[in-house]
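A quick write-up on the structure given underneath.
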There are 2 protein chains.
Amino acid sequence: MLEPEAVAPCCPPLTERPLTAEEAERTAKMFKALGDPVRLRLFSLVASHEGGEACVCDISDVGVSQPTVSHHLKKLREAGLLTSERRGTWVYYKVAPSVLAAMGQLLTAAD
Amino acid sequence: MLEPEAVAPCCPPLTERPLTAEEAERTAKMFKALGDPVRLRLFSLVASHEGGEACVCDISDVGVSQPTVSHHLKKLREAGLLTSERRGTWVYYKVAPSVLAAMGQLLTAAD
DNA sequence: TGCCAACATAGATGTATGTCGAACACCAAG
DNA sequence: CTTGGTGTTCGACATACATCTATGTTGGCA
C-alpha cells in the first residue's frame, strides 16, 4: 500500500544555517503537503482526534467528495506525515511519530 | 509594493483541536509558501544570514534565473513570511517578526 | 453466495504554478 | 544626461495539481 519514505529528523532550525538543495527538496515536501487547506484540516482532524488516530469516516466532512478526501490522505501519507492501517471495515490514520517534533525543530527560533 | 496581509498569531497547536475552514485557509498559505524547494532555501538563506537580513544579491545562487528568484521572494512576501526594504542600490529581505514563533506553535506537540 | 458499506483507484478537466527570456524601473556614478 | 548594475514585471509555456464522476476492491453479514 505504498508506504511513505521516512521523513527523517532532517534538519537544524531554518535560522541556523541555509538548507542544502537536497535538504530543501525533502523538507519542502512536508510543507507542501500541509500547504493545502483541505489537507491541513484533515491533518489537524487526525492529530487532534482522541487516541491520536481517526478513521476516514470520522474526518470526511471537509466539504469535498469522498474520493478527494482519499486523494489528500494519500498525499499526506506519501509525504510521511500520516500512516494508515486497516482494521476490519475501517481504515485508521494517525500522525507519524516524530513528524511534529521534526517540523517544530525546523521552525525553532534559534535566536 | 504590495505588502503582505498579516499572518497573525493565528492558531493553537494542530493537535489541540481541528482547524476551522477559515483558519486552514489562512494557515495553508504559509505552508504552501514554504512548500517549494527554491523558496525554502531562499527563506533559510535569509533567516540564517547575519543580521537577520540579506540582500537579493547575497542569496541569488540557488540554481534558477534571477527573475525566478525575484518571483519566489515576492511569493514569500505575499505569504507574510518576509519583508523587503530598498536601501540604495540593493533590496534587503528579512524574516517577518513572529512568523517563526507562530508556525512553531502550530507544530508544538501538545501531548 | 450475494449484497451493502467503506475506501481506493482511474480517467478527465480546468486552473494554478514554476520557469524562462525580454523589457522595464530604480539608483549611483561619471 | 547617459551608462551600468540591481531587481522587478511581463508574456509565454509546460507541468503539476485539485476536483469530480465512475469504477474497483475489500470486508462484514445475512
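Naming convention: chains lettered A, B, ... in sequence-line order (proteins, then strands); numbering from 1 in each chain.
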**OP:** Go along nucleotides 25-30 of chain D 5' to 3' and tag each nucleotide: B for a protein heavy atom under 4.0 Å from its base, S when only backbone or sugar atoms are that close, - otherwise.
**Re:** -BSS--

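- Considering only heavy atoms from C-beta on, B/Leu19 stays 4.5 Å or farther from A/Phe43 through its side chain.
- Residue contacts for A/Tyr93: at a heavy-atom cut-off of 4.0 Å it reaches the sugar-phosphate backbone alone, with no base atom in range.
- The shortest side-chain heavy-atom distance between A/Tyr93 and A/Arg77 falls under the 4.5 Å cut-off.
- For DNA chain C, the neighbouring residues in residues 37-57 of chain A, judged by any heavy atom under 4.0 Å, are A/Cys55, A/Val56, A/Cys57.
- Dashed line: the shortest gap from a side-chain N or O of B/Lys32 to OP1 or OP2 of C/dA16 is not under 4.0 Å.
- Rounded to whole Å, the distance from NE2 on A/His71 to P on C/dA10 is 13 Å.
- The separation between A/Asp58 atom CG and C/dA6 atom C1' is 12 Å, rounded to whole Å.
- Rounded to an integer number of Å, the gap from NZ of B/Lys75 to C1' of D/dT9 is 14 Å.
- Annotation: side chain of B/Phe31 is in contact with side chain of B/Leu106 (closest heavy-atom distance under 4.5 Å).
- Residue-level contact check: B/His72 touches the backbone only, with heavy atoms under 4.0 Å from sugar-phosphate atoms and none from bases.
- The CD-C1' distance, from A/Gln66 to C/dC7, rounds to 5 Å in whole Å.
- Atom P of nucleotide D/dT8 and atom CD of B/Glu85 are separated by 13 Å, given to the nearest angstrom.
- Per the geometry, NZ belonging to A/Lys29 stands 16 Å off C1' belonging to D/dC17, to the nearest Å.
- Counting only heavy atoms from C-beta outward, the side chains of A/Val69 and A/Val38 never approach each other to under 4.5 Å.
- A heavy-atom distance below 4.5 Å is not found between the side chains of A/Arg39 and A/Leu81.
- Residues A/Pro12 and A/Gln105 share a closest heavy-atom pair of CA-NE2, 4.0 Å.
- Between A/Ser65 and D/dC20, a side-chain N or O to OP1/OP2 separation shorter than 4.0 Å is present.
- Side-chain N/O atoms of B/Ser70 include one lying less than 4.0 angstrom from OP1 or OP2 on D/dT8.
- For residues 79-102 of chain B, the pairs satisfying salt bridge (charged side-chain N to carboxylate O under 4.0 Å, His left out) are B/Glu53-B/Arg87, B/Glu85-B/Arg87, with sequence neighbours left out.
- Following rounding to the nearest Å, B/Lys74 (NZ) and D/dT6 (C1') show an atom-to-atom distance of 17 Å.
- Under the 4.5 Å side-chain criterion, counting only non-hydrogen atoms from C-beta, B/Lys75 is in contact with B/Glu78.
- If you take CZ of A/Arg77 and P of C/dA8, they are 6 Å apart, rounded to a whole angstrom.
- Contact check for A/Leu45 versus A/Val62: side-chain heavy atoms found under the 4.5 Å cut-off.
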